[in-house]
Every structure is written in C-alpha cells, then in structure tokens.
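Nothing here was measured: the structure is a model prediction, and the numbers come from that model.
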Amino acid sequence: MIFTHLRVHQIFGANTDVGKTIFATILSLANATQGKRVFYLKPVSTGAPWDADDTHVKKYRPKGALISTKCLIQMDEPVSPHLAARSAKKIISDDLLLRQVREHLIECSKDMHISGDLDAAYLETAGGVLSPVPSGTTQADAYRPLRHPVVLVGDSKLGGISTTLSAYEALNSRGYDINSVVMFVNDRYRNHQYLEEWFASRGIKLLAFDPPPPPPSGRNHTKDEMNMKEYYAHTSTTANATSLIDHLDGCHSRRLSTLQSLPQRASRTLWYPFSQHKTITSQNDITVIDSAHGDFFTTTSIPSTTEPSQTLISGSQFDGSASWWTQGVGHSHSHLTATAAYASGRYGHVIFPKTAHEPAVSLAESLLHTQGKDWASRVFFSDNGSTGMEVALKMALRWTARLYDECSKDKRDFQVLGLSGSYHGDTIGAMDACEGGIYNSAVEWYKGRGFWLDPPTLGFEKRELRLRIPWSDESLVFDSLPDAYNIPDRQKTTMGELYRTYIQKEITKLVQNGTTFGALILEPLVLGAGGMKFVDPLFQAILVDVVRSMSGVLLPPRPKANESDPMPTLPVIFDEVFAGLGRLGFPSISPVLGVKPDIAVYAKLLTGGLVPLAATLASQHIFEAFLGDDKRSALLHGHSYTAYPVGCAVANTSLRLLQEMVRGESFRTAQMDWGIVAEPSQTYPATSYPPRTKPHQFACSLWSQRFVKELSDLPIIKRAMALGTVLAFELDDGFTVSGYGSTAAERLLSSLKTDTCAPPNEFSVHFRTLGDVGYLITSLTTEKPLIRRLEANLLHILEARSRRI
C-alpha cells in the first residue's frame with residue numbers, strides 16, 4: 001500500500017530480542033519531535049496485554065505527542081503466534097490479518113495532519129523474519145502482498161552477523177525493499193562495523209545506536225522506567241535518529257517520484273508488443289505495476305489534483321490474462337523464487353551442447369514421463385513458445401523431407417495442414433505456419449505455407465452447450481461438458497463420420513492440386529490467440545486419425561524393409577503452449593483426444609510464469625531423422641540460453657505444483673459443480689489419470705456452470721465457454737468491425753479496470769481482449785470466493801450493457 005502523505009515502514013528483526021520495539025519507539029518519537037503524526041501498529045501480539053509492545057510505545061509517548069498505537073490481534077499465551085492461535089482455538093487466516101492491516105492503514109491515512117507534512121506509520125512484526133504468523137505462514141511470506149518498505153533491526157549479539165545477513169537475504173529474495181538497517185552498538189562483537197560496510201556495498205544505510213541502559217538491580221521498575229524515558233528523550237533527538245527519519249522520508253519520496261515518472265518515461269522509450277502507440281494518448285493509458293503477488297498486481301496511479309485527501313495511490317488489480325497466459329501458480333510463488341535463487345547461485349548459466357546438468361536432465365525425464373508418456377523419447381529446450389514451434393517445424397519437415405529424398409533429390413515446397421484461427425508465434429517460420437490474418441499479413445516476409453481447415457467449435461448459447469460447424473448445417477446440443485469431451489463414445493456417432501468424410505475430401509482435393517504437406521499442426525482443444533475458440537475435440541481426434549490413415553496419399557511411396565515395419569505417417573505437432581500443463585483442467589491432453597503427437601511444444605505455464613523457457617518433445621523416429629555421419633544432418637538450432645539451468649530448475653518445481661493442483665480440492669469441487677462424480681482424494685502416479693477415471697471426466701471449469709450459462713443468456717453475448725481456468729465470451733453488440741480488429745470487448749470491459757469490487761478487499765481487473773472476444777484466466781491456485789466475486793462483477797457490467805441495447 002502506497003500513500004502520498006503517509007510513509008509506511010515495516011519493522012522486521014533479524015531475530016527475536018534484537019530491539020524491534022525499542023527502535024519502533026525511537027522512530028515514533030523522532031517523527032513526533034518534528035511535529036509529525038505517527039501511527040504505530042502491532043498486527044499480532046502474544047503475552048500479557050500490560051507487557052505488549054504497543055503498551056510499551058504508549059508508555060513512553062510524551063504528553064501531547066501525535067503518536068497513535070494499535071494492536072490488531074492479541075493472544076495471552078506468550079508463545080509463537082501460530083501456537084497461541086492454536087491454543088486459543090482461533091482461526092486467523094492470512095487474508096483476515098492483511099485485511100485488518102489494510103483497513104487500519106487506510107483509516108490512518110484519512111487522519112491527515114493539518115500541516116500536510118509526511119506522516120509515518122510503523123508496523124512491528126513479531127520475532128524474526130521467518131517467524132510464523134497465526135496461520136503458520138512465515139511473516140516474510142504473509143506480509144508480502146503489502147510489500148511495505150522495511151527497516152531491518154540487526155542483531156548485535158554473538159552470531160548476529162549471520163542472522164542479520166540471513167534475514168536480509170530472506171526479505172530481499174521475496175522482493176522487499178530494505179530501506180535501512182538499524183542495530184545497537186556492541187563494543188565487544190562490533191557487528192555493526194562489519195555490517196555497515198557490507199550493506200553500504202549494496203546501497204543500504206546502516207545506523208548503529210547506543211543500547212538502552214540495563215535494568216537496575218532489585219527489580220526497581222520506577223527507576224527502570226525513568227531511565228528508559230531519559231534514554232528515549234536523548235536517543236530520539238540524536239543526529240543518528242534525525243538522519244534516519246530524513247533517510248526514510250527520502251526513500252518514500254524517491255519511490256513516489258519513480259513510480260509517478262514511469263508512464264512518461266515509458267512512453268518516450270518503450271515499444272510495446274501488440275499495441276498501437278497512437279492510441280496511447282495520456283499517462284493513464286499505461287498501467288504502472290509496482291509489484292505482483294498471487295493473482296494480483298499492485299498498481300499505482302497519479303495522485304488526484306481534485307481530491308487531495310485521497311492519498312492512497314496504489315491498488316490491487318486482478319491479473320485477468322494470467323500475464324499473457326504464463327501464470328499458473330500465482331505471481332512470486334515462494335517455492336519458485338526459492339528454486340530460482342538456488343539454481344542461480346549454483347549455476348548462473350552454463351553452455352549446453354554436449355553437457356549435462358541436473359535441472360535439465362530431471363526436467364526432460366519429467367516431461368517424458370508425463371506429457372510425453374508412451375510416445376516421446378527426446379526433449380529439445382528453447383526460450384519461448386514461438387521458438388519452440390520453430391524447432392518443431394524443423395523437426396517435422398526434416399523427417400518428411402527424408403522420405404522424399406529417398407525418392408527424389410528435388411527440393412520440395414512443403415506446406416502445413418492446420419486449423420483456421422491457429423496462432424503459433426511471431427517468428428517468421430511460426431507465422432508462415434498460420435493462415436494470413438492480422439498477426440502476420442502485414443509482415444513483409446510473410447508467406448503462408450499451408451492450408452487451414454475451418455474447425456467446428458463448442459460454446460454455450462442461451463444456456464445450451466452447442467456445437468457449431470462452419471461448413472455444415474448440422475448442429476448438436478450436449479447435456480454436459482464431459483459428454484462433449486467423451487471421444488470414445490462420440491467416435492461411434494454420425495458426427496464422427498461427417499467429420500471423417502469432410503477431412504478426407506479436403507485433403508484429397510489439395511493433394512490432387514499439387515500440395516505437398518510436411519506436417520499437421522494443431523493447438524489442442526483451444527485456439528488461444530485466434531479468438532479463444534474451443535474446437536470440438538472429436539474433430540481434432542479424427543483429423544489426426546485421417547491424416548495418419550492417408551499416408552499413401554500424403555507421402556511418397558516407400559518400399560518397406562520388411563512387413564513388420566510401420567507405415568510412415570505425416571508428422572503431427574501439438575502446439576500446447578497455451579492449452580497444456582493443466583490450464584484446461586486436464587493433467588495431459590493427448591489422452592483426452594485419444595491420439596498421440598509425434599512432436600509437442602510446451603512453454604508459458606512450464607515455469608509458472610517466472611522465467612522464459614520452452615520444451616519441444618519428439619518421438620524416437622523424429623530424432624533419428626537427424627542422425628548422420630556429418631554435422632550438416634544434425635539439428636543445427638539453439639540459442640545462448642538453451643536449457644537455462646534456472647529455468648529448468650524452476651520448471652521442475654512448477655510441474656510438481658501444477659500436477660498437485662490439477663488433481664487437488666479446487667478441481668474436485670469444480671467437477672462436482674459441473675455434474676461430474678469426482679474420485680475421492682487419492683495418491684496415484686503423476687504420469688497417469690486416476691484409476692477408474694476417464695480423461696473426459698476432467699472436463700470442468702473453475703468458473704461456475706451457473707455463471708457461464710447466465711452469461712450465455714445475455715443479449716450482448718453471442719457465445720460463452722469455460723474450461724479449466726479459462727473463461728471466454730464472444731460479443732454480439734452490433735459493432736461493424738468483428739474479429740481481432742474490433743475494439744468492442746476492450747471498450748465494453750473498460751470499467752473492469754477502473755471500478756473496484758465491493759469491500760473488504762477492493763480490486764479492479766487488468767485484462768486483455770481479442771477483438772470482439774473477452775476472456776479471463778485464473779491461475780490454478782485462485783480461490784473459489786475470488787472467482788465468484790469476479791463472476792458477479794462481470795455479470796453486473798454485461799447486464800448493464802445488455803439493458804442499453
């Protein structure tokens with residue numbers, strides 16, 4: 001939380017009993033001495049109230065000083081907060097704790113000092129940096145969504161250098177800004193001398209203060225209190241104290257200045273992706289993100305000139321696009337950041353050709369045992385989905401070319417077979433594998449190399465899950481999502497035969513007209529950037545089956561070495577950059593379709609959105625196409641950061657988390673909501689679906705069935721669909737421009753970015769649109785109450801627009 005006229009600092013200690021409360025009192029008195037208002041907050045306290053830290057600050061507050069004290073949660077037993085809460089049978093969640101802190105600080109900000117000076121608030125933690133809050137979460141993690149700047153109290157005792165540096169690293173690795181370190185002088189150990197130099201090299205100011213006088217003998221409380229009053233009166237007016245207050249004020253001012261300058265600086269220097277800069281006409285068109293945690297950005301705004309009393313300039317904004325589809329476990333997940341820190345400390349980056357490091361080998365094995373189970377044998381690493389697809393295309397085309405080389409040495413102009421609306425990335429080869437459209441047609445080197453079939457799609461229309469076929473008058477209504485994704489049963493229907501006939505006819509016609517195909521490329525289940533089109537899975541399954549059954553038409557005749565050799569088939573590429581790794585609620589996608597690819601590409605969720613990485617999986621026969629006696633026959637592709645150890649290590653942790661989540665309580669609850677009888681929680685290998693469970697039984701969404709049907713019934717909505725974490729809806733608002741070139745969805749949903757949901761946790765929504773298609777994507781960790789609030793807010797906006805039609 002960032003306020004213009006209220007400087008907030010959180011006081012962490014390198015350990016317990018290092019003087020946090022004494023320094024909080026010194027800081028409070030030093031501010032008050034300058035005539036400023038001070039707010040001291042102890043979020044959680046254990047032990048007798050008369051001995052509490054807020055009582056201490058209040059006791060030594062001079063008469064007339066503008067110092068307010070508050071303790072939010074007091075528990076009598078003098079033990080760690082998690083034990084005290086358990087003993088008192090109190091359920092105090094992290095959300096409840098943070099909500100109370102936020103509400104208190106907002107009230108403090110409203111109580112502005114008349115002079116307009118910069119007031120201060122100090123939040124004192126309990127114990128050390130990693131001591132637990134009542135829920136059991138460490139303090140560094142529990143308070144991280146607030147990300148208040150830190151005053152770290154160092155440890156002056158024996159061993160204090162180590163505990164202080166450990167505390168610093170724990171905070172720094174979680175994204176906290178440590179504005180200053182304070183500690184007591186200890187002439188014997190002189191920790192402050194070593195630490196002052198160490199922190200100075202990192203641009204952090206350390207100030208050492210004389211310690212308070214020792215308690216008098218004989219338990220003379222009156223004398224002790226008098227001594228402490230004299231100590232505080234003197235220490236709070238020393239040059240060190242004044243310098244510290246000035247330094248913290250300066251840190252706050254510089255932070256505000258930096259954040260408020262970012263839009264202007266960005267507009268002068270940055271070239272944004274997928275953005276028309278001519279539409280950026282004011283600073284308000286650029287969202288300043290101070291940090292991100294969980295499902296939310298912390299964004300900042302320029303202070304209002306018309307409402308000077310509104311001093312809060314930061315807010316929470318739900319990341320509605322999952323940061324371009326990369327987030328699966330929430331921003332700044334502590335497991336991922338810790339893994340990244342370990343791997344960067346162990347490796348940094350190391351060259352990869354003909355080397356091996358544990359993160360890469362372990363990740364390859366994990367991918368082969370899960371996503372590539374029973375078909376893939378090799379993993380090639382690159383840096384993003386588009387380059388992963390470039391690699392896949394090179395693999396597939398080389399394999400096909402080898403077949404033609406055996407018959408003719410003529411160079412072939414290979415085409416790809418795909419689906420209309422597909423998108424495989426922005427590099428030249430990946431663009432050429434897509435039909436011409438707004439993404440690629442304006443690129444001077446673009447040359448569409450293929451043919452793209454119009455796929456049947458699924459969506460809710462007027463509360464019914466309906467199948468639409470663009471090249472047929474046939475239509476179909478399903479009773480449930482699992483019914484639509486039950487490929488084995490649907491294979492037996494007339495719809496399957498309709499698809500088969502259509503695909504065979506189109507392929508035959510293309511080949512007769514001279515088209516030579518090198519690969520089939522599919523985005524399984526959902527065409528992401530092409531408009532969030534939920535393709536009928538039966539159509540994709542049959543397409544793969546037909547392509548493989550038509551080898552005699554699609555590939556040159558090739559004499560088999562013996563009758564037992566399998567017939568070569570056109571390579572099949574699954575682009576799972578968007579749909580894979582659990583985003584759609586399926587542990588893996590190949591079993592849903594009932595067909596296996598020859599090559600598959602994974603990215604985005606692969607690292608939980610922390611670092612770039614992509615993996616291209618290939619079957620053994622594809623790999624063998626690059627074996628030869630000279631280097632020219634090898635796969636001569638790579639980049640400097642191939643198999644980046646930090647990315648591979650993070651991906652190993654991310655995959656473990658994703659596998660746990662897609663089979664966890666949230667999805668079991670969602671399955672019941674969508675009418676699926678979920679299997680009870682059980683342990684089973686990550687390489688498979690649960691025993692007695694068919695893949696189509698995972699067809700559900702974290703978005704509620706009731707909400708999706710209500711959405712589809714609005715006059716403004718042409719179609720709505722949800723699967724896994726993804727919600728998408730196509731608008732029917734009478735706009736003259738449709739498709740990606742439309743601004744309909746962006747204009748219609750604009751109030752999501754400016755309006756906030758109801759208290760107690762106000763937030764707006766950051767979103768991206770695809771022309772006349774709006775979509776929202778949660779992470780796999782997004783909690784049910786938050787999704788329900790998003791549903792209610794979205795319905796409110798769309799219902800209001802529908803009433804105006």
Q: State, to 0.1 Å, how close V44 and A126 come at their nearest heavy-atom pair, and which atoms those are.
A: O-CB, 4.1 Å

(Q) Quick check against the 3.5 Å criterion: does D119 have a side-chain atom that pairs as donor or acceptor with the backbone of R37? (A) yes

Q | V133/H82 under side-chain contact (heavy atoms from CB on, under 4.5 Å): CA gap, chis, key distance, verdict | A | CA-CA 6 Å; V133 296; H82 75 293; over 6 Å; no

Q | Main-chain N/O of P273 paired with S275 side-chain donor or acceptor, under 3.5 Å | A | yes

Q. Is the backbone N or O of K205 less than 3.5 Å from a side-chain atom of S180, with the two atoms forming a donor-acceptor pair by type?
A. yes

Q: Please name all residues satisfying side chain to side chain donor-acceptor pair (under 3.5 Å) with N191, sequence neighbours left out, ordered by chain then number.
A: none

Q: Grab the two heavy atoms, one from A142 and one from P145, that are nearest each other, plus how far apart they are.
A: O-CD, 3.3 Å

Q: Please assess T125 against Q10 for the test side-chain contact (heavy atoms from CB on, under 4.5 Å), listing each intermediate value before the final yes or no.
A: CA-CA 7 Å; T125 57; Q10 190 141 14; 3.4 Å; yes

Q. Would you call P62 and L29 a side-chain contact if the rule is heavy atoms closer than 4.5 Å?
A. yes

Q | Donor-acceptor pair, side chain of R147 and main chain of G175, under 3.5 angstrom | A | yes

Q | More than 12 heavy atoms of other groups within 6.0 Å of H234 NE2 | A | no

Q | Exam field: side chain H192 to backbone D187, donor-acceptor pair closer than 3.5 Å | A | no

Q | Nearest-0.5 Å distance, CG of residue D249 to OG of residue S253 | A | 6.5 Å

Q.
So that I can tick it off, tell me whether R174 and D141 are bridged by a salt bridge, with the cut-off set at under 4.0 angstrom between side-chain N and carboxylate O.
A. yes

Q.
We want to know whether T164 and D155 form a side-chain donor-acceptor pair, criterion being a heavy-atom distance below 3.5 angstrom.
A. no

Q | 4.5 Å side-chain heavy-atom contact, M226 and E230 | A | yes

Q: Verify, without hydrogens or angle tests, whether S80 (side chain) and L83 (backbone) share a donor-acceptor contact under 3.5 angstrom.
A: no

Q.
Let me confirm one number: the CD1-CG distance from I204 to D177, rounded to the nearest 0.5 Å.
A. 9.0 Å

Q) Which value, rounded to the nearest 0.5 Å, describes the distance between I777 atom CD1 and D295 atom CG? A) 12.0 Å

**Q.** H9 NE2 to L152 CG distance, which is reported to the nearest 0.5 Å
**A.** 12.0 Å

Q: Might you point out which heavy atoms bring V181 and G154 nearest each other, and give the distance in Å?
A: CG1-N, 4.3 Å

Q: State, to 0.1 Å, how close A266 and Y272 come at their nearest heavy-atom pair, and which atoms those are.
A: CB-OH, 3.4 Å

Q) Would N31 and Y122 count as having a side-chain donor-acceptor pair, cut-off 3.5 Å? A) yes

Q: Go through M183 and V153 one step at a time and tell me if the side-chain contact (heavy atoms from CB on, under 4.5 Å) criterion holds.
A: CA-CA 6 Å; M183 63 189 306; V153 181; 5.6 Å; no

Q: Supply the atom-to-atom distance F209 CZ to F23 CZ, rounded to the nearest 0.5 angstrom.
A: 6.0 Å

(Q) Using a 3.5 Å distance criterion without hydrogens, assess whether the side chain of H766 forms a donor-acceptor pair with backbone atoms of K753. (A) no

Q. Got Y231 and I26 here, is their nearest side-chain heavy-atom distance under 4.5 Å?
A. yes

(Q) Just checking Y641: does its OH atom have more than 12 heavy atoms from other residues, nucleotides or ligands closer to it than 6.0 angstrom? (A) no

Q: Using modelled atom types only, decide if a donor and an acceptor are shared between the side chain of R202 and the backbone of W198 within a distance under 3.5 Å.
A: yes

Q. Do the rings of F297 and H331 sit parallel, tilted or perpendicular, given the 30° and 60° boundaries?
A. tilted

Q | Which atom of Y40 lies closest to which atom of A24, heavy atoms considered | A | CE1-CB, 3.7 Å

Q. Can you name the closest pair of heavy atoms from A340 and L610 and give their distance?
A. CB-CD2, 3.8 Å

Q: Could you tell me whether the side chains of T242 and D246 share a donor-acceptor contact shorter than 3.5 Å?
A: no

Q. According to the interplanar angle, ranging from 0 to 90°, do the rings of F318 and F296 count as parallel (below 30°), tilted (30 to 60°) or perpendicular (above 60°)?
A. perpendicular

Q. Within a strict 4.5 Å, meaning less than it, do heavy atoms of the T326 and L605 side chains meet?
A. no

Q) Pairs in or reaching into residues 49-71: which pass side chain to side chain donor-acceptor pair (under 3.5 Å), with residues at least two apart or in two chains? A) T21-D53, K42-D53, H56-Y232

Q: Compute whether any side-chain donor of one residue and acceptor of the other, for S131 and Q139, lie under 3.5 angstrom apart.
A: no

Q: Could you tell me whether F199 and Y168 have their ring centroids closer than 6.0 angstrom?
A: yes

Q: Flag the pair M228 / P212 as yes when at least one side-chain heavy-atom distance between them is below 4.5 Å, and no otherwise.
A: yes

Q) Is there side-chain contact between Q283 and S267, with heavy atoms separated by less than 4.5 Å? A) no

Q. Under 3.5 Å, is there a donor-acceptor pair between the side chain of H349 and the main chain of S640?
A. yes

Q.
Counting only heavy atoms not in Y194 (residues, nucleotides, ligands), do more than 12 fall under 6.0 Å from its OH?
A. no

Q.
If you count every heavy atom of other residues, nucleotides or ligands that lies below 6.0 Å from Q193 atom CD, does the total exceed 12?
A. yes

(Q) Taking the side chain as everything from C-beta on, heavy atoms only, tell me whether F184 gets closer than 4.5 Å to V18. (A) no

Q. Between Q327 and S779, is any side-chain donor less than 3.5 angstrom from a side-chain acceptor?
A. no

**Q.** Contacts of Y189 that satisfy side chain to side chain donor-acceptor pair (under 3.5 Å) - sequence neighbours left out
**A.** none

Q) Given the rule in the side-chain contact (heavy atoms from CB on, under 4.5 Å) test, do L123 and I11 qualify, once you have shown the distances and angles that lead to the verdict? A) CA-CA 6 Å; L123 281 66; I11 300 174; over 6 Å; no

Q. What's the spacing between Q100 CD and L41 CG if we round to 0.5 Å?
A. 9.5 Å

Q) Do R144 and S332 come close enough that some side-chain heavy atom pair is under 4.5 Å? A) yes

Q) Donor-acceptor pair, T16 side chain versus G127 backbone, under 3.5 Å? A) no

Q. Do Q317 and T299 have side-chain atoms, one donor and one acceptor, less than 3.5 Å apart?
A. no

Q. When you look at T298 and D290, which way does the side chain to side chain donor-acceptor pair (under 3.5 Å) test go after all the steps?
A. CA-CA 6 Å; T298 296; D290 178 63; 5.7 Å; no

Q.
Is there a side chain to side chain donor-acceptor pair (under 3.5 Å) between T163 and N15? Walk through the geometry before answering.
A. CA-CA 7 Å; T163 58; N15 207 335; 5.0 Å; no

**Q.** Residue among L780, T607, L336 satisfying side chain to side chain contact (heavy atoms under 4.5 Å, CB included) with V329
**A.** L336

